[in-house]
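Data block below; observations after.
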Amino acid sequence: MLVLGAEGSGGDALAGTLRTLGMRVPQRGADPAAPGEVPRWVADLHDELLQRCNVDADDARPSAWFDTGRLAHLEPLRVRVHRWLEERFVADGPELVLRDPRLAWFLGVWRSAALRCDADLSCVTVLRHPAASVAPVGGADHDADDVPVVAGWVNAQLHAERATRGSARGFVRHDDLLADWTVPVAGLGTALGLRAVQEAGANDIRAVHTYLRGDVPTAGRAWDDVDLPAGLRDLADRTWDALGELVETPDDARVLARLDGVRADYTTTYDQAAALARSSSRAAHRAGLVTLPTPERAVVERGADRVPHSVRAAVPAGLRRRLRRVLDRPGSD
Amino acid sequence: MPTPGADVPCREGDPTYDVRWPWNAAAPTRPAPPGLTCVFRVRDEARNLPWVLPPVLAAVDHVVLVDNRSGDGTAELGRRVAAEAGASDRYTALEYPFEVSRAGHDHLFTPPDSVHSLTHFYNWSFSHVRTSYSMKWDGDMVLTPEGVSVLRDLSWQLPGSGAVVLVPRHPLTVVDETEAWIDLRSRFLEPWIYPMGPEFTFVKAFEWEVREFPATSERIVAPEGLCVELKWLDTDEFAHWAEVEALEQRRVRRKQREREVVTALREGRGAEVADLHRIVAPPGVHVVDHVVDTWLPQARRPLVGRPGRRDG
């Protein structure tokens with residue numbers, strides 16, 4: 001099972017709950033330094049891949065999904081992830097849960113690895129309102145930062161939803177997890193056939209209650225206090241409302257059609273905003289260029305160029321031509 | 001007499017078979033909605049469709065199947081398979097009633113705007129696509145589950161990118177229900193997936209049609225092991241070719257390899273052909289299902305091109 005959802009969305013809490021119930025988080029025991037529920041190997045892999053395709057973890061560009069998706073076609077990468085996953089199944093057991101906020105960017109690679117392991121893949125997305133993603137009151141000057149944060153949230157939610165269509169999947173509200181985790185988790189266990197949930201004993205259940213008492217969600221800000229352009233706020237609201245409906249019916253065709261519409265509108269809005277801000281991005285690009293070190297002489301000198309002209313001129317022309325033919329090099333005198 | 005007003009009027013003057021591109025149509029068909037449509041041009045593929053069609057329907061947004069004078073019930077079977085997959089609303093069945101010149105010499109001397117030309121046949125077939133991306137697919141190419149997964153991702157990731165996608169395929173010659181031979185000599189790499197638009201239409205080449213695309217288009221190569229191309233040892237795979245012998249070697253290397261494989265298998269010499277692998281299905285499982293669902297997903301990568309690293 002892959003647990004999707006933005007950082008701070010409650011994805012860690014769900015993954016930790018499932019781990020406490022008996023599913024295995026690969027390498028967690030052997031990797032105590034790993035933060036939260038994210039295995040170090042997975043975190044490092046996603047960092048590397050995001051860097052390779054020049055995408056931020058919370059990138060707001062719709063086209064970033066093409067950039068990360070393109071990496072999924074690299075066979076060596078597919079082999080690498082498949083081998084790791086297969087080793088984890090052997091070492092850790094048959095029901096694995098993987099959690100990382102960046103998973104959705106590379107779902108194609110993980111799906112391929114699961115297929116090659118002959119494993120059933122399911123995806124669960126934990127939904128938390130975008131207001132929880134913005135900086136809390138009293139933080140740094142946040143108004144200018146709220147727009148890209150919320151845009152990144154919209155982009156991530158809409159495309160992660162699109163990426164999980166066709167897979168067994170579920171959606172869980174963070175609020176429902178906080179209110180009474182047994183209801184959404186039991187629902188996932190039934191819908192996705194999770195043995196660890198279906199066969200959980202009383203001690204496991206008690207352990208989850210203890211685990212979740214220690215999980216204090218980060219605070220956000222009241223949605224009305226977040227200063228956003230009206231268009232972006234509307235997109236975020238429509239995204240949140242539609243995703244909420246998928247909690248009950250994860251593949252409702254009418255809701256999916258609505259989400260398709262929101263995704264198209266977000267792409268249009270982003271493209272317009274990018275066009276509006278093109279002068280800023282060009283200026284930033286130029287400013288970045290001048291910070292680069294002066295490149296070394298790009299063209300490697302020919303061997304002949306290292307010989308002083310006076311010496312070369314002393315070589316008879318016929319001999320020079322023969323030398324060039326031997327070296328298979330076009331000549332110019 | 002060609003019909004005025006069409007984008008590519010056919011020289012025979014039958015307006016039903018003129019090409020009218022969707023991007024030249026009046027709103028609301030512009031702009032094309034994002035998504036991927038698969039176009040099949042098929043003749044007598046009833047034997048293959050039960051393997052070919054369901055995974056494609058699972059992978060793409062829409063399927064257009066153009067039947068060209070089949071005598072084995074291909075069109076009816078296609079409708080039935082789409083209905084059984086619950087995909088009738090995403091399935092368009094069309095009929096192209098003209099004899100189309102065979103690849104090779106016949107094609108060379110057929111004008112490209114004739115209904116008998118492969119070029120016109122392709123353009124007409126693709127003019128029925130209504131999404132922003134299209135995929136050419138053959139009626140004998142079977143997707144693996146990984147292939148379905150990759151195409152499903154591409155169907156929403158590609159729109160807006162302008163990229164074309166090349167998909168490796170692996171010829172699979174079926175001897176009977178339990179035995180088949182897979183050819184891992186090369187990836188037989190071709191572009192199959194293109195954006196829709198005036199820069200991506202079909203033009204005439206020497207032996208067949210080719211699809212144009214700008215030199216600046218990004219080319220994405222899909223991983224190996226996504227699809228097999230079914231060949232049946234008991235049928236004549238070269239019936240749709242004119243004078244194979246006369247074709248210029250560089251452009252028909254793939255066909256020559258196919259013939260080498262088929263000839264060797266018919267003579268019982270399959271094991272002597274380099275990079276040709278025999279696969280036997282377990283009892284009760286058809287070998288095509290076994291290859292697609294089990295053998296290929298589990299086969300060691302890379303599949304092609306590095307002898308000694310493949311064990312299947």
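Chain letters run A, B, ... following the sequence lines, proteins first, then strands; residues in each count from 1. All of these numbers come straight from a predicted model, not from anything done at the bench.
Within 6.0 Å of atom CG in Asp241(A), more than 12 heavy atoms from other residues, nucleotides or ligands are found, so the atom counts as buried in its surroundings. Heavy-atom contacts from other residues, nucleotides or ligands closer than 6.0 Å to CG of Asp118(A) number 12 or fewer. Within a 6.0 Å radius of CD in Glu177(B), no more than 12 heavy atoms belonging to other residues, nucleotides or ligands are found. The 12-atom threshold is exceeded at CD of Glu245(A), counting heavy atoms of other residues, nucleotides or ligands nearer than 6.0 Å. Atom CG of Asn54(A) has 12 or fewer neighbouring heavy atoms from other residues, nucleotides or ligands inside a 6.0 Å radius.
Separating the CD atom in Glu146(B) from the NE2 atom in His82(A) is a distance of 9.5 Å, to the nearest 0.5 Å. How far CZ of Arg70(A) is from CD of Glu218(B): 4.0 Å, rounded to the nearest 0.5 Å. Taking CD of Gln298(B) as the reference point, atom CG of Leu115(A) lies at 11.0 Å (rounded to 0.5 Å). Going from atom CG of Leu158(B) over to atom CH2 of Trp65(A) covers 15.0 Å, rounded to the nearest 0.5 Å. With rounding to the nearest 0.5 angstrom, the CG atom of Asp153(B) is 7.5 Å from the NE2 atom of His73(A). Here OG of Ser161(B) is found 9.5 Å from CG of Asp67(A). Values are rounded to the nearest 0.5 Å.
Residue Leu296(B): no heavy atom, backbone or side chain, is found under 4.5 Å from chain A. Contact annotation for Val221(B): only backbone heavy atoms (N, CA, C, O) come within less than 4.5 Å of a heavy atom of chain A. Heavy-atom distances place the side chain of Ala163(B), and not its backbone, under 4.5 Å from chain A. When heavy atoms are compared at a cutoff of 4.5 Å, Pro145(B) approaches chain A by way of both its backbone and its side chain.
Among residues two or more places apart in sequence or in another chain, the salt bridge (Lys or Arg N to Asp or Glu O under 4.0 Å) test is passed with Arg80(A) by Glu48(A).
In terms of heavy-atom pairs under 4.5 Å with chain A, the best-connected choice from Leu226(B), Leu154(B), Asp293(B) is Leu154(B).
The shortest non-hydrogen separation linking Ala72(A) to Pro223(B) is O-CG, 4.3 Å.
Side chains of Glu75(A) and Pro168(B) form no contact here, defined as non-hydrogen atoms less than 4.5 Å apart. At a threshold of 4.5 Å between non-hydrogen side-chain atoms, the residues Arg116(A) and Arg301(B) count as touching. For the pair Trp156(B)/Arg165(A), no side-chain contact is recorded, criterion being any heavy-atom separation below 4.5 Å from C-beta on.
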Run the numbers on Ser63(A) and Gln157(B) for side-chain contact (heavy atoms from CB on, under 4.5 Å), then give the verdict. CA-CA 8 Å; Ser63(A) 63; Gln157(B) 290 170 347; over 6 Å; no

Kindly determine whether Val150(B) and Arg78(A) satisfy side-chain contact (heavy atoms from CB on, under 4.5 Å), including the steps that lead there. CA-CA 12 Å; Val150(B) 165; Arg78(A) 291 170 99 86; 3.3 Å; yes

